[in-house]
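Since this is a predicted model, take the numbers as computed values, not measurements. One-based numbering, in listed order, for ligands and for the atoms of each.
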Amino acid sequence: MQRNNNKPALVTGSTSGIGLAIAHTLARGGHPVMLHGLADPQSGARLQREFADSYGVSCGFSDADITTEGGCQQLVAETREALGNTAILVNNAGIQFTAAAHEFPAEQWHRIIAVNLSAAFFLARDVIPDMRAEGWGRVVNVASVHGMVASANKAAYCAAKHGLVGLTKVLALENADSGITANAICPGWVETPLIQPQIDAIASTEGITGDEARARLVGEKQPMPRTTHPEAIGALTLYLCGEFADTLTGATLPVDGGWTAQ
Ligand SMILES: NC(=O)c1ccc[n+]([C@@H]2O[C@H](COP(=O)([O-])OP(=O)(O)OC[C@H]3O[C@@H](n4cnc5c(N)ncnc54)[C@H](O)[C@@H]3O)[C@@H](O)[C@H]2O)c1
């Protein structure tokens with residue numbers, strides 16, 4: 001078995017939530033990590049130092065805005081400069097906006113498709129040639145249960161996440177001959193800042209506390225009525241990058257308290 005614990009990893013959206021947990025897990029596992037997200041340069045530099053000190057691995061930071069193809073190219077270039085070629089690409093950055101499809105603002109639609117779907121395509125397109133040349137690579141796409149099933153008021157998010165699951169399968173097929181795997185992780189509710197606006201909205205409409213609103217939000221969809229810890233997604237990502245996941249490719253992996261089992 002080949003051990004892969006020193007491969008450079010680019011984790012998009014790793015200044016917060018799930019991406020930050022994935023970055024911690026990979027760095028703790030020995031991987032050099034490119035941190036990325038919309039943070040100011042000082043907090044980016046602080047995070048980078050914290051990682052280097054805690055884990056003794058090389059780290060970089062980029063605040064490239066990945067809503068455009070140019071932003072994605074900038075991120076790949078900055079990663080190459082900081083750590084060398086990307087061997088592990090974790091497409092995690094994502095945003096949310098909720099409204100009925102017939103009231104959905106065009107700019108929110110374009111923004112969600114750009115960050116949650118197109119960026120994953122542009123980044124994969126730009127790093128896969130290096131992975132193919134190396135004969136090893138991992139693409140981990142953080143999709144969502146909304147890449148498998150739908151919810152009302154999430155037209156752009158569901159379209160983007162279903163698209164991301166489709167993209168994952170194509171990448172798995174195209175690169176099956178080159179030691180590269182591509183998989184989609186599909187979380188249900190995970191305790192991060194992304195879900196807070198939805199909790200706040202329920203609390204204010206129903207006149208209930210934040211904890212009651214969280215329980216209602218999660219329990220509406222998940223037979224197991226509790227949120228997943230971001231670290232659980234980190235651990236699964238590390239597994240996908242490890243020596244026992246060589247043939248695990250093209251998969252859609254729910255971590256959702258039974259949401260999609262229904
Ligand atoms: N939290 C959940 O319950 C949940 C459930 C299923 C899937 N997900 C998915 O997990 C991923 C991470 O979500 P989270 O809850 O940790 O979110 P979060 O809001 O905590 O973090 C999002 C990250 O993406 C970055 N980002 C956003 N827009 C960007 C842009 N234009 N350019 C560069 N970076 C940008 C932010 O800076 C941040 O680092 C997302 O793709 C989300 O859809 C989350």
**Request:** Would you check whether Val115 has a nitrogen or oxygen atom less than 3.5 angstrom from a nitrogen or oxygen atom of ligand 1?
**Result:** no
**Request:** May I ask you to identify the nearest protein heavy atom to atom 37 (O) of ligand 1, giving residue, atom name and distance to one decimal place in Å?
**Result:** Leu38 N, 2.9 Å
**Message:** Are Phe51 and Phe61, when compared by the centres of their aromatic rings, separated by less than 6.0 Å?
**Reply:** no
**Prompt:** Ring centres of His24 and Tyr55 under 6.0 Å apart?
**Reply:** yes
**Request:** Could you say whether the N/O atoms of Ile18 and ligand 1 ever approach to under 3.5 Å?
**Result:** yes
**Request:** May I ask you to check whether Ser178 and Asn175 show a side-chain donor-acceptor distance below 3.5 Å?
**Result:** no
**Prompt:** Using 30° and 60° as the class limits, which term best fits the ring planes of Trp189 and Trp259: parallel, tilted or perpendicular?
**Reply:** tilted
**No-hydrogen, no-angle side-chain donor-acceptor test under 3.5 Å, Thr12 and Asn91** = no
**Request:** Examine Ile66 against ligand 1 and note whether any of their N/O atoms are separated by less than 3.5 Å.
**Result:** yes
**Prompt:** Does any N or O atom in Ser16 lie less than 3.5 angstrom from one in ligand 1, N or O only?
**Reply:** yes
**Asked** Mind checking whether Thr67 has an N or O less than 3.5 Å away from an N or O of ligand 1?
**Response** no
**Residue part near ligand 1, for Thr12, under 4.0 Å between non-hydrogen atoms** = neither
**Request:** State whether a side-chain donor-acceptor pair under 3.5 Å links Ser151 with His146.
**Result:** yes
**Request:** Provide the number and element of each atom of ligand 1 under 4.0 Å from a heavy atom of Asp65.
**Result:** 30 (C), 31 (N), 32 (N)
**Request:** State whether the shortest distance between N or O atoms of Tyr157 and N or O atoms of ligand 1 falls below 3.5 angstrom.
**Result:** yes
**Asked** How does Ile195 reach ligand 1, by side chain, by backbone, by both or by neither, if only non-hydrogen atoms under 4.0 Å count?
**Response** side chain
**Message:** Out of all atoms in ligand 1, which are within 4.0 Å of some heavy atom of Ala64? Include the element for each.
**Reply:** 32 (N), 33 (C)
**Prompt:** With the threshold set at 4.0 Å, does a side-chain nitrogen-carboxylate oxygen contact exist between Arg132 and Asp177?
**Reply:** yes
**Asked** Taking NZ, NE, NH1 and NH2 as the nitrogens, is one of them in Asp246 or Arg138 under 4.0 Å from a carboxylate oxygen of the other?
**Response** yes
**Message:** If the threshold is 4.0 Å, N to carboxylate O, is there a salt bridge linking Arg125 and Glu69?
**Reply:** yes
**Complete:** When distances are taken from atom 41 (O) of ligand 1, the protein heavy atom at minimum range is Asn92 O, 2.7 Å
**Item:** For ligand 1, the portion of Ala143 having any non-hydrogen atom under 4.0 Å away
**Value:** backbone
**Request:** Please identify which atoms of ligand 1 are closer than 4.0 Å to at least one heavy atom of Ile95.
**Result:** 27 (C), 28 (N)
**Request:** Kindly confirm or rule out an N or O of Thr192 lying under 3.5 angstrom from an N or O of ligand 1.
**Result:** yes
